[in-house]
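Note sheet for the following structure.
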Amino acid sequence: QFAPTQETAYNGTARAISTTPCAIQQAGTFTGQGIIYRLDVPLSFVNYGLVRPCDCIVREIPLPNQSAFKPIIVDSIWIDGRNLPNAIPAVYSWRSKLTGGRTLPYQIPPSTTDTLEISFCPNIPATQQNLLANGKFHIRSHTSDWNREDTVTMSGRRELNFQPAPTPIN
């Protein structure tokens, strides 16, 4: 079994010996390339479209671990609105299908894909400034060979069924 530990070329020799049914010896060379797989977050933007105020829409972000040998550790996940216009990160939440919750840190085993469910629930006041709600989703992860942070920008629109027009009482 070829199990590289570094991202480099590997060369070696192999020798096979058999005594049954016939005695035979064979030698040969092999080459291989070590590849270190990092977490691949396949999306950079998620659009939720128009959502009614009491509804929630869920979008999924797959997190594949393509390594056959090393688990990926997801250290932290958070949602903020830094450097985004119309930032309302409070309307977004997440859950891991692999763990069934939001417990951190957790591991994605080799040759396994976790799926993050990101919910958009625009239960906020019906005002013009709340029509568009943006957020940035951050995922910090590592193995013994690398560490990184990925981000996904999210955008959803709150349906404006009616806009309150309060009347002052004298």
Side-chain angles (χ1 to χ4, degrees), residues 1-14 29-124 130-159:
Q1 178 178 356
F2 179 63
T5 58
Q6 294 181 4
E7 202 160 37
T8 186
Y10 288 86
N11 299 303
T13 57
T29 61
F30 66 88
T31 61
Q33 178 69 36
I35 298 173
I36 296 174
Y37 287 105
R38 289 157 180 81
L39 183 65
D40 179 27
V41 178
L43 303 172
S44 61
F45 183 80
V46 175
N47 184 4
Y48 287 85
L50 194 61
V51 179
R52 286 182 274 171
C54 294
D55 289 347
C56 289
I57 299 293
V58 176
R59 299 283 189 254
E60 295 184 343
I61 299 175
L63 300 179
N65 180 357
Q66 297 177 16
S67 171
F69 306 106
K70 292 189 176 193
I72 291 176
I73 296 152
V74 177
D75 298 303
S76 56
I77 294 176
W78 71 97
I79 301 169
D80 66 21
R82 189 174 312 153
N83 299 325
L84 288 177
N86 304 95
I88 309 176
V91 297
Y92 296 96
S93 62
W94 68 273
R95 172 182 99 77
S96 162
K97 279 189 174 181
L98 185 67
T99 67
R102 298 171 36 104
T103 303
L104 291 166
Y106 72 93
Q107 287 189 8
I108 303 173
S111 304
T112 303
T113 297
D114 183 20
T115 301
L116 296 179
E117 294 179 325
I118 317 298
S119 298
F120 172 61
C121 304
N123 297 328
I124 49 180
N130 288 343
L131 281 179
L132 183 63
N134 295 325
K136 190 166 284 189
F137 190 76
H138 301 262
I139 305 165
R140 189 169 289 151
S141 60
H142 80 277
T143 68
S144 57
D145 299 308
W146 56 264
N147 60 60
R148 66 184 288 160
E149 181 180 316
D150 293 283
T151 60
V152 177
T153 301
M154 303 170 298
S155 185
R157 295 183 64 84
R158 181 202 191 283
E159 192 174 283

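The chain is numbered in sequence order, starting from 1. Every value quoted in this text rests on a predicted model; they were computed, and no experiment measured them.
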Determine the minimum heavy-atom distance between [X] and [Y], stating which atoms define it.
{"X": "Y37", "Y": "Q66", "result": "CE2-OE1, 3.4 Å"}
{"X": "V152", "Y": "F45", "result": "CG1-N, 4.1 Å"}
{"X": "Y48", "Y": "I118", "result": "OH-O, 2.9 Å"}
{"X": "G81", "Y": "A87", "result": "O-CB, 3.4 Å"}
{"X": "P62", "Y": "P42", "result": "O-CD, 3.2 Å"}
{"X": "T143", "Y": "P71", "result": "CG2-O, 3.5 Å"}

Inset, instruction - Could you verify whether a donor N or O on one side chain and an acceptor N or O on the other, from H138 and D80, lie under 3.5 Å apart? - result: yes

Is there a side-chain contact between [X] and [Y] (heavy atoms, below 4.5 Å)?
{"X": "T113", "Y": "N65", "result": "no"}
{"X": "W78", "Y": "P89", "result": "no"}
{"X": "T29", "Y": "N11", "result": "no"}
{"X": "L39", "Y": "W146", "result": "yes"}
{"X": "L98", "Y": "P109", "result": "yes"}
{"X": "I72", "Y": "Y106", "result": "no"}

Inset, instruction - Sequence neighbours left out, what pairs pass salt bridge (charged side-chain N to carboxylate O under 4.0 Å, His left out) with at least one residue falling in residues 63-77? - result: K70-D145

Looking at residues at least two apart in the chain, or sitting in another chain, which of them share a salt bridge (Lys or Arg N to Asp or Glu O under 4.0 Å) with [X]?
{"X": "R59", "answer": "none"}
{"X": "D114", "answer": "none"}
{"X": "D40", "answer": "none"}

Answer yes or no: is there a donor N or O on one side and an acceptor on the other, between the side chain of [X] and the main chain of [Y], under 3.5 Å?
{"X": "T112", "Y": "P110", "value": "yes"}
{"X": "R158", "Y": "I124", "value": "yes"}
{"X": "R38", "Y": "I36", "value": "yes"}

Say you draw a straight line from [atom1] of [X] to [atom2] of [Y]; how long is it, rounded to the nearest 0.5 Å?
{"X": "R157", "Y": "L132", "atom1": "CZ", "atom2": "CG", "answer": "5.5 Å"}
{"X": "E149", "Y": "R140", "atom1": "CD", "atom2": "CZ", "answer": "4.5 Å"}
{"X": "I139", "Y": "L63", "atom1": "CD1", "atom2": "CG", "answer": "5.0 Å"}
{"X": "I57", "Y": "C121", "atom1": "CD1", "atom2": "SG", "answer": "8.5 Å"}
{"X": "N134", "Y": "L84", "atom1": "CG", "atom2": "CG", "answer": "6.0 Å"}

Legend entry - Pairs involving residues 82-95, ordered by first then second residue, that meet side-chain hydrogen bond (donor to acceptor under 3.5 Å, both in side chains) (sequence neighbours left out): R95-E117

Inset, instruction - Flag yes if more than 12 heavy atoms outside R102 fall under 6.0 Å of its CZ atom; otherwise flag no. - result: yes

Legend entry - Sequence neighbours excluded - disulfide bond (SG atoms under 2.5 Å apart) pairs with any residue from residues 73-109: none

